[in-house]
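Just the heavy atoms: all of them, side chains too, but no hydrogens, waters or symmetry mates, feed the values below.
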Amino acid sequence: ELPVELTVVRDREAPSGLAQQIGPEDLVLIGAPSTDPVAALLGETVPGAVASQGGAPVIIVRDIEATRPGLFERFFLGK
C-alpha cells in the first residue's frame, strides 16, 4: 500500500499554488472542470494551468459519457 499525504495549500491563485507544491517525482490526478466550452474560452482552467505550470505528469479526468452535447458542441463540432 502506498502512503497517502494530504497537504492544504493556501494561495491567491489556485493553479500557481498547486503547481508550486508539485515535485518532479509526483503524479498529479485532477478532475476536469465542467464541459462548458465558454469557460475554456475565458481563460485557462485550473487543471490546464496545473498541467502547464507543474513540473510533473498530470492526468486530467473528465466524464464525457454522462453529458449530452450542448448547442455549442452541436454547432461548432457537429456532435
By side-chain contact (heavy atoms from CB on, under 4.5 Å) - contacts of Ala19 (at least two apart):
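Here the qualifying residues are Gln53.
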side-chain contact (heavy atoms from CB on, under 4.5 Å) with Ile22: which residues, sequence neighbours excluded?
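Applying side-chain contact (heavy atoms from CB on, under 4.5 Å) to Ile22 gives Asp26, Val28, Val50, Ala56.
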With rounding to the nearest 0.5 angstrom, report the CG to CD1 distance, Leu27 to Ile59.
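The CG atom of Leu27 sits 4.5 Å away from the CD1 atom of Ile59.
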Straight-line distance of Leu18 CG to Asp11 CG, nearest 0.5 Å:
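Rounded to the nearest 0.5 Å, the CG-CG separation comes to 8.5 Å.
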Partner set under side chain to side chain donor-acceptor pair (under 3.5 Å) for Ser16, not counting sequence neighbours
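Testing Ser16 for side chain to side chain donor-acceptor pair (under 3.5 Å), a comparison that skips the adjacent residues, returns none.
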Just wondering, do Leu29 and Val61 contact through their side chains at under 4.5 Å, heavy atoms?
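Side chain of Val61 against side chain of Leu29, heavy atoms only: contact under 4.5 Å found.
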